[in-house]
K.L.:
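Take a look at this one; I'll ask things after.
Within every chain, numbering begins at 1; the chains are lettered A, B, ... in the order of the sequence lines, protein sequences first and strands thereafter.
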Amino acid sequence: MNDSGSTVDRQEEQQSQIPDEIKDKWEREQMKLKKQMVLTDSSDISKIISCCQGKTSDNFLIGGVDISFVKGDHVNACAALIVLNFPQLEVVYEDCQMIKLTAPYIPGFLAFREAYLLEEMYNKLKKTQPQYVPQVIMVDGNGILHPRGFGLACHLGVLLDTPCIGVAKNLFQVDGIENDDDHQLKIKQLSKGGDTFKLVGTSCKVLGKALRSCDSAPNPIYISTGHKVTLDSAVELVYKCCKHRVPEPTRQADIKSREYLRVSFGSEHEEQKNKGKKKQRTKTTKHSNSECNPVDNVEELFEDTCCLFDGENT
DNA sequence: GCGACAG
DNA sequence: ATCTTGTCGC
C-alpha cells in the first residue's frame, strides 16, 4: 500500500530497464559531439562582456530554456524558450508548447531527454522570428560539469552551434567534486552576491564555479561552460542576469512554462485536490487500456530516440 | 558492493 | 522535475 511512492518507483524501474546498448550508444554520441565543443568566447560573447564592463554600450539577446512537467506525468510537459534583451532583461520573445518526452531521466544523459525538443523550438524561432535569435542561451543543467564532460548545455550548444551556459540549481557530484562538509563550508563563506568558488576536479581542472547569485540567496547556483563561452565570462554574464537566485532567462522560462501548464491543465489538478476521500483508484475512464500504461516495452519507448542516432548504419 | 545522481 | 505552509523581507 505504497501508492504515493509509485511515481518514484516507476522512474527507478525505467532506469533499471535501460539496456546497456542504449547507454553505450548515448555515450558514443556524447563523445562524438564533444569533439565539436568550443571552450573559448565567441565574438558575440566578447562583445557582451565588454558591455558588462561598461566599455561599450549595445543591445544583446539572451535566451533561456526550461521544461515543466504535468504533475505525476513523466511524458507530457511544457517546454519554454524565452528571449530577453540585455542588459534591460525584458522579455522580447516567448514560446511555450506542449511536448512529449520519449526518453526517461537518467543522470548523465539529460540531453537525450530534452535537447532535441529545445533544438526544435530554437529552429522555430530562427525560422519565424530571426531578429530574436539570441547570442547566448542559459540552460537548466550542467555543461562540462558532467561525468563525461559533456552535459546538456554542451550538447545543446553543439547542436545549435550557439554559445550556451550551464546553470544548475543542485550540485552534480562529478569527478571527485562532492557535496561534503568542505563544500558546505565553502558555501557558508560566500558572504554576498557575486562571490564564487571553483569546482576543481581530480585532474586539477576547474570544471565549474559555485556562484552566490544574489545577497538574499545563500544557496549558490552552479555554473559551467556549455559551448563557445569561457567559465569566467559565463559567471559574469549569469551574475548580471540575476535579480533572484535563478538568472532571469531561465527563471522566465520556468515561469512561462508553468503558467502554460496551469492554464491548460489547471482544472484537472483541481480534481486531484478534492481528496475528501482517499486515493481515487477509480478508473480513469479516459484511457482505460494499455494506451496510458507507463513502460512495459522499453524498445517501444526508445524507438524514436534511437532513430535519431541510427545514421551510422552501414 | 554501496552510495551518488543535473532535470 | 513535483508536493507543500507559513513566514520574512523589499
Side-chain angles (χ1 to χ4, degrees), chain A residues 3-12 14-16 18 23 26 30 64-80 99-118 138-157 164-180 183 193 199 201-202 207-211 214-226 238 242-247 250-251 253-255 257-258 260-262 265-266 268-270 272-273 275 279:
Chain A
D3 289 353
S4 57
S6 63
T7 58
V8 175
D9 293 344
R10 190 170 302 150
Q11 205 171 27
E12 286 175 357
Q14 281 187 2
Q15 292 189 25
S16 63
I18 291 168
K23 285 192 181 177
W26 284 355
Q30 287 177 330
V65 292
D66 191 35
I67 296 180
S68 293
F69 296 82
V70 174
K71 171 167 78 169
D73 189 330
H74 291 268
V75 174
N76 295 295
C78 176
I99 54 170
K100 284 188 186 297
L101 296 150
T102 54
Y105 167 67
I106 308 166
F109 298 97
L110 180 60
F112 295 92
R113 180 167 164 81
E114 301 189 347
Y116 114 88
L117 295 157
L118 301 176
M138 293 187 186
V139 177
D140 237 317
N142 292 304
I144 64 172
L145 182 58
H146 177 276
R148 289 166 295 283
F150 197 73
L152 175 59
C154 306
H155 202 117
L156 188 66
C164 281
I165 299 172
V167 182
K169 294 182 284 293
N170 296 100
L171 179 64
F172 196 6
Q173 303 193 163
V174 148
D175 194 26
I177 300 168
E178 292 180 80
N179 188 3
D180 51 15
H183 185 81
L199 303 169
T202 305
L207 301 184
K209 277 187 176 179
L211 164 70
C214 60
D215 290 338
S216 57
N219 274 354
I221 53 180
Y222 299 95
I223 315 296
S224 58
T225 286
V238 168
C242 282
K243 294 179 178 172
H244 306 282
R245 184 169 91 111
V246 175
T250 311
R251 184 168 163 272
D254 182 64
I255 291 173
S257 59
R258 297 169 98 104
Y260 191 94
L261 282 183
R262 203 194 57 209
F265 294 86
E268 293 196 14
H269 285 194
E270 289 302 316
Q272 295 191 8
K273 274 188 184 173
K275 46 184 164 195
K279 45 212 157 183

K.L.:
Out of dA6(B), dG7(B), dT2(C), which nucleotide sits closest to the side chain of H146(A)?
P.N.:
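The nucleotide sitting nearest to the side chain is dA6(B).
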K.L.:
Describe the nucleic acid contact of S68(A) in one word from base, sugar-phosphate, nothing, applying a heavy-atom distance below 4.0 Å.
P.N.:
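Here S68(A) touches the backbone only, sparing every base.
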K.L.:
Do V65(A) and D140(A) have side-chain heavy atoms sitting under 4.5 Å apart?
P.N.:
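They are not in contact (no side-chain heavy atoms under 4.5 Å apart), so the answer is no.
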K.L.:
With H244(A), which residues qualify under side-chain contact (heavy atoms from CB on, under 4.5 Å), at least two apart?
P.N.:
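Testing H244(A) for side-chain contact (heavy atoms from CB on, under 4.5 Å), a comparison that skips the adjacent residues, returns E248(A), R251(A).
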K.L.:
Just how far, in rounded Å, is C1' of dA4(B) from CD of E178(A)?
P.N.:
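Whole-Å distance recorded here is 9 Å.
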K.L.:
Given a 3.5 Å cut-off on both pairing distances, which stems involving DNA chain C, each at least three consecutive Watson-Crick or G-U pairs, are present, if any?
P.N.:
none
K.L.:
Taking atom C1' of dA1(C) as reference, at what distance in whole Å does atom CG of L261(A) sit?
P.N.:
12 Å
K.L.:
Just need the stems in DNA chain B: three or more back-to-back Watson-Crick or G-U pairs, each with both distances under 3.5 angstrom, sorted by first number.
P.N.:
none
K.L.:
Just call it for G108(A): base, sugar-phosphate, or nothing, with non-hydrogen atoms closer than 4.0 Å on any strand.
P.N.:
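Contact class for G108(A): base.
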K.L.:
Specify the separation, in whole Å, of atom OH of Y116(A) and atom C1' of dG7(B).
P.N.:
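In whole Å, dG7(B) C1' and Y116(A) OH are 18 Å from each other.
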K.L.:
Rounded to whole angstrom units, what separation is found between the CG atom of D73(A) and the C1' atom of dG7(B)?
P.N.:
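From D73(A) CG to dG7(B) C1': 15 Å.
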K.L.:
Rounded to the nearest Å, what distance is computed from the CG atom of residue D175(A) to the P atom of nucleotide dA4(B)?
P.N.:
19 Å
K.L.:
Taking only side-chain N and O atoms of N179(A), does any of them lie within less than 4.0 angstrom of OP1 or OP2 on dA4(B)?
P.N.:
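Checking N179(A) against dA4(B): no side-chain N or O falls below 4.0 Å of OP1 or OP2.
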K.L.:
To the nearest 0.5 angstrom, please state how far the OG atom of S224(A) sits from the NZ atom of K209(A).
P.N.:
12.5 Å
K.L.:
Excluding sequence neighbours, so at least two apart, what forms side-chain contact (heavy atoms from CB on, under 4.5 Å) with P147(A)?
P.N.:
F172(A), V174(A)
K.L.:
Between S257(A) (side chain only) and A253(A) (backbone N and O only), is there a donor and an acceptor less than 3.5 Å apart?
P.N.:
yes
K.L.:
Rounded to whole angstrom units, what separation is found between the CG atom of L211(A) and the P atom of dA6(B)?
P.N.:
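That distance rounds to 19 Å.
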K.L.:
Taking only side-chain nitrogens and oxygens of Y105(A), does any of them come within less than 4.0 Å of OP1 or OP2 of dA6(B)?
P.N.:
yes
K.L.:
Pick base, sugar-phosphate or nothing for N170(A), based on heavy-atom distances below 4.0 Å to the nucleic acid.
P.N.:
sugar-phosphate
K.L.:
Please give, in whole Å, the distance from dG7(B) P to L118(A) CG?
P.N.:
14 Å
K.L.:
To the nearest Å, how far apart are I106(A) CD1 and dA1(C) P?
P.N.:
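Spelled out: CD1 on I106(A) to P on dA1(C) is 18 Å.
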K.L.:
Select base, sugar-phosphate, or nothing to describe what L145(A) touches, counting heavy atoms under 4.0 Å on all strands.
P.N.:
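Here L145(A) touches no strand at all.
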K.L.:
Taking the side chain as everything from C-beta on, heavy atoms only, tell me whether E114(A) gets closer than 4.5 Å to V139(A).
P.N.:
no
K.L.:
Can you see if the side chain of R113(A) gets near the phosphate of dA6(B) - specifically, an N or O under 4.0 Å from OP1 or OP2?
P.N.:
no
K.L.:
I want to check something: taking the side chain as every heavy atom from C-beta on, are N219(A) and R245(A) in contact at a cut-off of under 4.5 Å?
P.N.:
yes
K.L.:
Tell me which nucleotide among dC5(B), dC3(C), dG7(B) gets nearest to the side chain of K71(A).
P.N.:
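Of all the options, the side chain of K71(A) is nearest to dC3(C).
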K.L.:
Which residues pass the side-chain contact (heavy atoms from CB on, under 4.5 Å) test with R148(A), sequence neighbours left out?
P.N.:
E27(A), Q30(A), M31(A), F109(A), H146(A)
K.L.:
Name all residues meeting the side chain to side chain donor-acceptor pair (under 3.5 Å) criterion together with D66(A); count only those two or more places apart in sequence or in a different chain, and write none if there are none.
P.N.:
none
K.L.:
Do P247(A) and I165(A) come within less than 4.5 Å of each other through their side chains, counting heavy atoms only?
P.N.:
no
K.L.:
Side chain of Q173(A) only, please: which of dA4(B), dT2(C), dA6(B) is the nearest?
P.N.:
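When the side chain of Q173(A) is considered, dA4(B) is the closest of dA4(B), dT2(C), dA6(B).
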